[in-house]
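Notes follow the structure.
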Amino acid sequence: MNRRGALFWVAFGLLLLVVTGLTSTDRNETGRPLDPTSTDGLGTRALVELLERFDTEVTFGLPTEDTTAVLLLTDQLGEAERVDLAAWVDDGGWAVVTDLASDLGPERGLAANRRDTLSSGTCTIPSLAGLTLVGGTFLLLDDAGAADTCFDQPLAAYLVVDDVGAGRVVQLGTGVPLTNQYLGEADNAVLVTELLLNLPDGDDRSVAVIYEPVVSGGGQSLLDLVTSSARWTAAQLAVAFSLYAFWRARRFGRPVTEPSPVKLPGSLLVRATGELSRRAHGHGAAHATVRAEHDRRLRERLKLPPELPGPALIDTVATSAEIDPATVARSLEGRPTADKDELLALVAAVDSVTAGLDRVEERQRQGEPT
């Protein structure tokens, strides 16, 4: 056996040891967002354990007659299951929904977003008044016609309650405050207990958590019928083939230089993001995305702190770019809208601000006075 062949088999053995170590890690570390069995930062295992610590029965799947509340983390229900859940709510059930794509409650578009922390504001739910949430970026929902709201701003709220038949549906702008990473921050855990446990149903509490698709009827999937040993053998064969193909395809020699990709200006990336949403007829979401990304890029480019208020930011940007403050204000302020013309006007304002900053920086590089 030549030296190259020996190196191949040594590398192959080491790779098998690494793969064995990775596959033997804790199965609870799935890395899937909002997974109630995951202990990762994005999972919600801590939420489940918090509920169980309050002597609450936690089940997974559709609610039963004994269920007092439902937590719908992701809506992957089939048509029949969605009808059953809607009927349960209509009969007087209480459901908390974190999936913005779910149609369990009234459809509500995104109205705004907030970063880092969110106070209760003019909360119409007494048990939640005075709370503060921490969770990165908060998405705020249009609260028109809502029965109750909390953590709100004008015409928008993170928590919106709607009456659905004899029951109620609580819609949250995002489930991030419920994750393992943020549940212990500020009053996030208090929010969970108040929404799911503080119900007028006596001491026997049962919460149904819905995350993965719920399939009515028996039967296993094809993957369930494959034994673990067969899966492990297939994984080993796939790794061995991949490593062998890599080893045979590798060519020794001098590196081949390739041209670097063209770097796009930040404004083009912002416009591209907005264009994708526009094509999906999501002008409101595109409006909020473009404005939030524009705000973030301006603060990074001018090295401004996140807590700098809007008026001060507008004055600073207008002075730095040597443009009209009204143009800067159009690119940073205003309520997101689903109107196409206003979206185009926002993009034009963003381009004007970016172009102004580029001109000033170019003159500074060339040593010209500003």
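Basis for what follows: all heavy atoms, side chains included, without hydrogens, waters or symmetry-related copies. This is a predicted model, so every value here is computed, not measured.
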Taking [X] first and then [Y], would you say they form a salt bridge - that is, a charged N and a carboxylate O separated by under 4.0 Å?
X	Y	value
E49	R53	no
E362	R365	yes
D35	R45	no
R32	D40	no
D163	R168	yes
R108	D143	no
E322	R363	yes
D295	R299	yes

Between the side chain of [X] and the main-chain N/O of [Y], is any donor-acceptor distance below 3.5 Å?
X	Y	result
R205	L196	no
T117	V134	no
D99	D75	yes
T174	V176	yes
E361	D358	no
T56	E52	no
T74	Q76	no
T98	G175	no
D187	T132	yes

- Going by atom types only, do D66 and T64 share a side-chain donor-acceptor pair under 3.5 Å? no
- Query: Between D152 and T122, is any side-chain donor less than 3.5 angstrom from a side-chain acceptor?
  - Reply: yes
- Co-membership, hydrophobic cluster, residues V350 and L313, 4.5 Å side-chain: no
- Reference residue L332; test side chain to side chain contact (heavy atoms under 4.5 Å, CB included); the match among L346, T327, L298: L298
- Message: Just to verify, which of L131, L195, L128 counts as forming a side chain to side chain contact (heavy atoms under 4.5 Å, CB included) with V190?
- Response: L131
- Do D148 and T124 pass the side chain to side chain donor-acceptor pair (under 3.5 Å) test, and can you show the C-alpha distance, the side-chain angles, and the key distance before you say yes or no? CA-CA 6 Å; D148 287 299; T124 61; 3.0 Å; yes
